[in-house]
Amino acid sequence: MLKLTLDREYKAAIYLRLSKEDGDFSFSGDKLESDSISNQRLLILDYLKKHPEIVVVSEYCDDGYSGATFERPEFQKMMDAVRAGEIDCIVVKDLSRFGREYIDSGNYLQKIFPMLGVRFIAINDHYDNAQPGAADNELVLPFKNLMNDSYCRDISIKVRTNLDVKRRNGQFVGSRVVFGYLRSPDNKNQLVVDPEAAQVVQDIFKWKIEGLSPAQIADRLNDSGVLSPIEYKRANGSKQRTAFQTKKQALWSAVAIYRILKNEVYTGTLVQGKTTTPNHKVKKTVVKNESEWARTENAHEAIIAPAQFDLVQRLMLDDTRSPVGAKGVHPFSGKIFCADCESAMVRKVSRSGDNEYAYFICGGNKNDRRFCSSHSIKESLVFDTVLAVIQAHIAVALNMADAMKQIDSLAWENRELEKIAAKISFQEEIIDKNRRLKTGAYEDFRTQMLTRDEYETFKAEFDKKIREAQDAIMKLHSDRNSIMGGLSQQQGWLSQFREYANIQEITRSVVVSLIDRIIIHEDKEIEVCLMHGDKFAAIVEFMEDYKKKEAAKKIIHLAKEAV
């Protein structure tokens, strides 16, 4: 270890640091004030003019890194140079530029630097460990480091609180804007639709409904020369980079398509604050409980209708596969099942000469013939039956729509929305009740009124009821979106069936929009379970109530006339 004196030459490194996260940024108009990188450099160079024994050999700058940790790339490079003997002096503007972490800052200044023979100078704090009176100043250093640490913590709390308030108010505070949106030029916390990218997002959802897999959608976009999200942003001036890119130009991938299909932001809903860090010193990301997420509906203009988004989420849960060489999944994929064992029916093809015959058999029977009978049925028969059922269903729906127009085009929808709101409120009460019970059980466990086994049993039961209620709420939200899909377009929910009024063939989009399940019985009976059956029943009930009320009004009117 070299002795620190003032009468020898030192090979010095200038160290600069600036971070927005821990409050280092201080704005005045459009200019950064005294802590800017350029001002730090000028101050240090001006100081070194008076110290000819110090020769600057390198500069290290951590621009945009918090002082709450020493895991900064340039700082670590500087320490490598120190250990290699290339540097034996470090000069900073002040101790806060060096670091704001109390314990590690003290460890470097009082142990590591003296051991390595490093001269350390903090100009504004009037500290130079080579000066004769440095030992006296070292008594003050812990207090200065503690104040810097405390300042960093307070700023971190303020920043977190401010961001949380913005999230709760429906303001966008993310660092990157999702593909399909832009920051509003008038308000950086407001998202606005990017028309060109939004059209691509709409195509992705449409193709998924038509039966394409994420990989097939990615291939279609790449073949069409559509820029991937990162390339699109670069083409529009972004300097964004990714560590996952292996080719010169980033292409669409199945993962990118999957993320778009799962992102609720396209329905106009902001979901933020999913992750956090324990504190300003620990940067490990922790996933927060879903109940703590900041969720704001109608925060910005939707690109995808909520009902369409819900439909895609259901499709992604279905077991669907594309045949080898096919451009999409079979129209009935994930929708057709055996009535007895509930296994998915499997499509098989047999050939006789130039003729080809397609049929379905029970998947359980295919794997083990002892498990279930084959339930074999011709594919053409299933297509014909499903088409006939859908045509009849649409005819009834359109008749209902015409009848509803004579009453009140929005009366049924409004009544159903009120019923759904009441059901959601009931399920939320169940969640709150079971959370209170779970907390009470934990308190009983802490006070030894319950054993660990008893507590675990109660906790599991309460968690189960909470999950069931949350699943019910998700289903109710989906029902509400389906109804509001009609309201938002200024038309009744039933009138959506007009799109299929003249249907002559079965397509994937028709199946996923109108059919819940197709059940094949052993006697070749085909049971077609349609979507929205509960809504049809509710409409029938509503119309019957309406007729009764109108009949009652008519009787009262006739009675009054008779008097």
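Positions are given from 1, in the same order as the sequence printed here.
Formation of a donor-acceptor pair under 3.5 Å by the R183 side chain with backbone atoms of F172 is not found in this model. Distance alone, capped at 3.5 Å, is enough to place a donor-acceptor pair between the Q391 side chain and the I503 backbone. Of the possible donor and acceptor atoms, one in the side chain of T439 sits under 3.5 Å from a partner among the backbone N and O of R435. A side-chain donor-acceptor contact under 3.5 Å links T267 to the backbone of E264. With hydrogens and angles disregarded, a donor-acceptor distance shorter than 3.5 Å links the side chain of D62 to the backbone of F75.
Put simply, the side chain of C61 does not reach to within 4.5 Å of the side chain of R17, judged on heavy atoms. Here the side chains of I204 and L212 are not in contact, with every heavy-atom distance at 4.5 Å or above. Side-chain atoms of Q313 and K262, non-hydrogen and from C-beta on, do get closer than 4.5 Å to each other. For the pair T296 and T269, the minimum side-chain heavy-atom distance is 4.5 Å or more. Counting heavy atoms from C-beta on, the side chains of V349 and E356 come closer than 4.5 Å. No side-chain heavy atom of L530 sits under 4.5 Å from any side-chain heavy atom of D516. Residues K475 and D471 form no side-chain contact, since every pair of their non-hydrogen atoms from C-beta on lies 4.5 Å or further apart. For the pair N222 and V226, the minimum side-chain heavy-atom distance is 4.5 Å or more.
Distance check: I336 CD1 to I515 CD1 gives 9.5 Å after rounding to the nearest 0.5 Å. Note that the CG atom of L417 and the CD1 atom of I424 stand 9.5 Å from one another [nearest 0.5 Å]. Taking CG of D219 as the start and OG of S213 as the end, the distance is 8.0 Å to the nearest 0.5 Å. The line from NZ of K208 to OH of Y258 is 10.0 Å long, rounded to the nearest 0.5 Å. The distance from atom CH2 of W293 to atom NZ of K274, rounded to the nearest 0.5 Å, is 4.5 Å. Note that the CD atom of Q470 and the CD1 atom of I473 stand 7.0 Å from one another [nearest 0.5 Å].
If you check the side chains of N365 and H375, you find no donor sitting under 3.5 Å from an acceptor.
The shortest heavy-atom contact between A299 and Q190 is O-NE2, 3.0 Å. The shortest non-hydrogen separation linking L191 to V177 is CD2-CG1, 3.8 Å. Of all heavy-atom pairs between K348 and K366, the closest is NZ-CE, 4.0 Å. The nearest pair of heavy atoms linking A250 to S228 is O-OG, 2.8 Å. A pairwise comparison of heavy atoms in I526 and V382 identifies CD1-CA, 3.9 Å as the closest pair. Closest heavy-atom contact between V192 and S184: CG1-CB, 3.8 Å.
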Would you sort out whether C338 and E342 count as a side chain to side chain contact (heavy atoms under 4.5 Å, CB included), showing the intermediate values? CA-CA 5 Å; C338 171; E342 298 184 353; over 6 Å; no
Given salt bridge (Lys or Arg N to Asp or Glu O under 4.0 Å), test E231 with R234 step by step and report yes or no. CA-CA 5 Å; E231 293 296 342; R234 287 176 185 169; 3.1 Å; yes
Pair F332, F383 - check ring pair (Phe, Tyr, Trp, His ring centres under 6.0 Å), show working. CA-CA 9 Å; F332 298 144; F383 268 101; 4.7 Å; yes
Intermediate values then yes/no, side chain to side chain contact (heavy atoms under 4.5 Å, CB included), R220 and W207: CA-CA 10 Å; R220 178 175 289 191; W207 292 335; 3.1 Å; yes
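With salt bridges taken as basic N to acidic carboxylate O contacts below 4.0 Å, none links K465 and E468. Looking at E74 and K77, a side-chain N of the basic residue comes within less than 4.0 Å of a carboxylate O on the acidic one, giving a salt bridge. K206 has a carboxylate O that lies under 4.0 Å from a charged side-chain N of E210, or vice versa, which qualifies the two as a salt bridge.
Counting heavy atoms of neighbouring residues, nucleotides and ligands inside a 6.0 Å radius, atom CG of D223 exceeds 12 of them. Other residues, nucleotides and ligands contribute at most 12 non-hydrogen atoms within 6.0 Å of the CZ atom of R259.
Shown here are the side-chain contact (heavy atoms from CB on, under 4.5 Å) partners of F337, two or more places apart in sequence or in another chain: A344, R517. Residues that satisfy the side-chain contact (heavy atoms from CB on, under 4.5 Å) test with E71, not counting sequence neighbours, are T69, Q76. Applying the side-chain hydrogen bond (donor to acceptor under 3.5 Å, both in side chains) criterion to K438, with sequence neighbours excluded, gives D463. With sequence neighbours excluded, the residues satisfying side-chain contact (heavy atoms from CB on, under 4.5 Å) with S376 are Y359, I361, S374. Partners of Q272 under the side-chain hydrogen bond (donor to acceptor under 3.5 Å, both in side chains) rule, at least two apart in sequence or in another chain, do not exist in this structure.
Residue pairs that meet the ring-ring contact (aromatic ring centres under 6.0 Å, His included) test with at least one member in residues 178-200, sequence neighbours left out, are F179-Y232, F179-W252, Y181-H300.
Put simply, the residue from V511, V510, V512 that forms a side chain to side chain contact (heavy atoms under 4.5 Å, CB included) with L514 is V510.
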